[in-house]
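Here's the structure we're looking at; comments come further down.
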There are 2 protein chains.
Amino acid sequence: MPINLKQLSEYLGLSQTTVSRALNNYPEVSEETRQRVKQAAAAHHYRPNARASALATGRARAIGHIIPVDSSDWFNPIFAEFIAGASATYSRHGYELLLRMARADEEAATYTEIAARKSVDGVIVHAPRINDPRIPLLRQLRLPFVIHGRDTADQGDYAWIDINNRRAFFRATKLLLDLGHVDIALINGGEAFTFAARRRSGYLDALQEAGITADKQLMFAGDLTEGNGYQAATALLQRSQRPSAFLVSSYMGALGVRRAIHNAGLTMGKDISVIIHDDDLAYFHNSGDVPQFTATRSSVKEAGTLAAEMLLAMIDQPTAAVPTRLLEANLILGASTGPWVRP
Amino acid sequence: MPINLKQLSEYLGLSQTTVSRALNNYPEVSEETRQRVKQAAAAHHYRPNARASALATGRARAIGHIIPVDSSDWFNPIFAEFIAGASATYSRHGYELLLRMARADEEAATYTEIAARKSVDGVIVHAPRINDPRIPLLRQLRLPFVIHGRDTADQGDYAWIDINNRRAFFRATKLLLDLGHVDIALINGGEAFTFAARRRSGYLDALQEAGITADKQLMFAGDLTEGNGYQAATALLQRSQRPSAFLVSSYMGALGVRRAIHNAGLTMGKDISVIIHDDDLAYFHNSGDVPQFTATRSSVKEAGTLAAEMLLAMIDQPTAAVPTRLLEANLILGASTGPWVRP
DNA sequence: ATAGCCAACCAAAGCGCTTTTAAAATGATG
DNA sequence: CATCATTTTAAAAGCGCTTTGGTTGGCTAT
């Protein structure tokens with residue numbers, strides 16, 4: 001059933017060269033022949049063997065996504081959505097997506113291996129950490145890459161796409177301050193991750209600007225699960241001077257915070273205000289006429305699409321300047337915020 | 001930096017044949033030579049070019065996962081977790097994982113293409129639907145496959161791994177009946193999917209066995225988002241004869257149900273009982289000393305691991321009987337169930 | 001009429017491996 | 001010491017494609 005180039009060219013009475021060139025739109029083939037070849041190829045469902053053409057061209061036509069497995073517990077849905085965006089772009093350009101999960105201690109070996117085996121033409125780096133060792137490694141391997149997020153340390157030029165986490169959380173904090181809140185808690189992701197570090201910095205800047213001294217006790221950093229959100233919020237709500245507002249770094253974590261608020265006999269949006277960061281994951285659906293949560297929102301799927309496009313462009317034009325892209329998050333007003341009320 | 005077989009063999013003063021055989025553990029190489037070769041290969045970070053060896057052997061050493069994109073809205077986290085399990089198995093066996101998202105109308109073309117391009121040695125079929133057309137297609141393409149789930153229609157022999165959805169929901173329903181509940185609602189996934197059809201059938205069987213006539217009004221089927229769970233439960237709780245128990249097909253959906261119960265001023269586990277199906281997704285964490293939800297639990301990650309192992313075995317021994325695997329779900333008692341109480 | 005040119009095509013090399021086939025070196029046997 | 005079996009190494013073919021470097025024949029220009 002599957003037919004190869006040789007058979008196709010014999011069937012057409014042409015050389016493999018001509019058939020290959022006709023299919024790849026090279027100019028030195030007459031239009032008439034090209035049509036004849038393309039029709040025959042379609043009729044016989046001919047598809048060039050991906051391995052053979054990769055070997056011949058030296059291009060794998062594949063992009064690698066190496067998912068750090070340590071963090072994937074709570075990161076998985078975000079990776080999935082990001083990849084959903086990227087995947088469509090790859091298909092459109094005839095690229096494949098190679099997925100691999102790796103623990104932190106396997107990471108270097110994994111990147112080295114896929115580079116040496118020439119399995120991919122480039123990679124997307126997920127969940128960057130502060131002073132991320134993957135950046136120098138990938139440079140050394142000469143493997144084009146785009147980082148989803150940024151390093152905070154100065155590692156020179158590299159391609160990245162990120163949302164303006166600092167600004168988003170600055171604005172969110174400011175909104176809460178404007179509503180009269182003073183004791184604002186931050187339920188953040190693990191601060192080894194750059195996105196979390198940036199969010200905290202936005203939060204701190206807004207507090208400082210308002211002349212408020214940040215209270216370490218009001219800041220939680222860790223995996224953003226429902227359970228962690230619940231526990232962190234429960235503990236905070238039991239304090240003598242409980243916070244009147246929560247800034248939560250993820251929808252999942254916020255569901256736990258919401259549970260804690262209910263359990264404490266309080267009403268979200270009235271007694272306690274909550275702002276979340278919303279990655280716009282389709283299955284979380286923080287939407288409706290009035291969204292459940294006030295949120296800084298930015299589509300991670302769209303980020304995936306853009307990252308893929310950036311990387312493919314880099315592969316096509318290796319000499320061009322490395323692209324970077326900063327996406328602003330929208331601040332969406334929902335039902336979970338309201339003015340400060342005396343406890 | 002990257003070195004190839006030819007260079008390595010020249011460096012060692014051996015032929016490419018001998019080096020290749022030494023590395024691939026063929027017997028016709030002296031142990032001494034093999035050690036020398038392996039050390040040199042390690043020292044020079046030699047890795048065989050994946051494309052070249054794939055071309056030479058005719059085996060891609062890659063497995064395809066084609067994710068149906070229509071359902072991925074709420075399915076994504078489950079896919080991600082399943083793949084996390086499968087991925088580790090692939091790495092261990094030196095296989096790659098090729099990921100692709102495809103709409104239903106692109107599905108056939110996608111499978112046909114990756115088969116024709118010889119990009120993969122086999123595929124995992126996700127989210128089977130009733131009378132799934134992918135089964136005959138993959139047979140025709142002679143592409144080994146394992147289905148995560150089963151078709152309900154009789155399509156002859158094929159490899160699958162599934163949890164016993166019928167039994168799980170039969171037992172869950174029976175538990176609620178034993179607790180005195182009669183009006184039991186079912187918040188299910190889209191019933192074009194076989195897992196949902198099987199769960200309903202378990203639910204119906206248990207009701208019938210108890211001599212209870214099922215009420216269509218008490219059954220919801222659709223995407224299992226938090227929002228849908230909330231809406232379905234809210235509507236059901238407003239009925240004159242409201243259900244006293246909910247059977248919910250996913251953790252996400254159950255979070256919405258829980259919200260509806262709270263909003264109605266009721267207490268979950270006291271006024272209303274809830275049993276969920278829990279795919280044991282790490283970031284959902286329905287755990288603790290007493291889990292929040294009573295649940296039928298089965299790890300989807302483990303299913304991914306097993307599915308991958310089954311598929312690799314099929315590829316290694318194409319003549320062996322097609323493997324199937326039925327996993328039983330545990331019924332875990334949590335805090336969300338209690339005896340029926342007069343409303 | 002002949003040189004020169006161009007459009008259209010083709011043969012063959014090469015990508016980096018694996019594997020078949022063959023040859024050389026070694027050892028055992030009578 | 002010749003003979004044969006066995007171990008070790010090598011040459012070369014081939015996987016299916018792309019691409020280099022021609023070749024051909026028809027056409028224009030001199």
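Numbers restart at 1 for each chain; the letters A, B, ... are given by sequence-line order, proteins then strands.
- Heavy-atom contacts of chain A under 4.0 Å fall on DNA chain D between two terminal nucleotides, which in 5' to 3' order are D/dG16 to D/dG21.
- For the residue pair A/Y111 and A/I124, the shortest heavy atom distance occurs at OH-O, 4.3 Å.
- In terms of heavy atoms, A/R34 sits closest to A/N25 at NH1-CA, 3.2 Å.
- Comparing A/V29 and A/Q16 along DNA chain C, the residue whose closest nucleotide (by nearest heavy atom) sits nearer the 5' end is A/V29.
- Using a 4.0 Å heavy-atom cutoff across all strands shown, B/R21 reaches at least one base atom of the nucleic acid.
- Listed pair A/T33 / C/dA8 fails the phosphate criterion, with no side-chain N or O lying under 4.0 Å from OP1 or OP2.
- The number of heavy atoms from other shown groups lying within 6.0 Å of CZ (B/R61) is above 12.
- Ranked by how close their nearest DNA chain D nucleotide is to the 5' end, B/S15 and B/L55 are led by B/S15.
- Of the residues A/L23, A/N24, A/T18, the one that meets the side-chain contact (heavy atoms from CB on, under 4.5 Å) test with A/S20 is A/N24.
- Using modelled atom types, one finds no donor on one side chain facing an acceptor on the other under 3.5 Å when comparing A/Q39 with A/Q35.
- The CZ-P distance, from A/R51 to C/dT18, rounds to 14 Å in whole Å.
- Toward the 5' end of DNA chain C, the nearer of the two residues A/A56 and A/E28, judged by each one's closest nucleotide, is A/E28.
- Residue-level contact check: B/T17 touches the bases, meaning some heavy atom is under 4.0 Å from a base atom.
- Taking only side-chain atoms of A/L14, from C-beta outward, the nucleotide of C/dT19, C/dC9, C/dA12 with the closest atom is C/dC9.
- The aromatic ring centres of B/H65 and B/F79 sit 6.0 Å or more apart.
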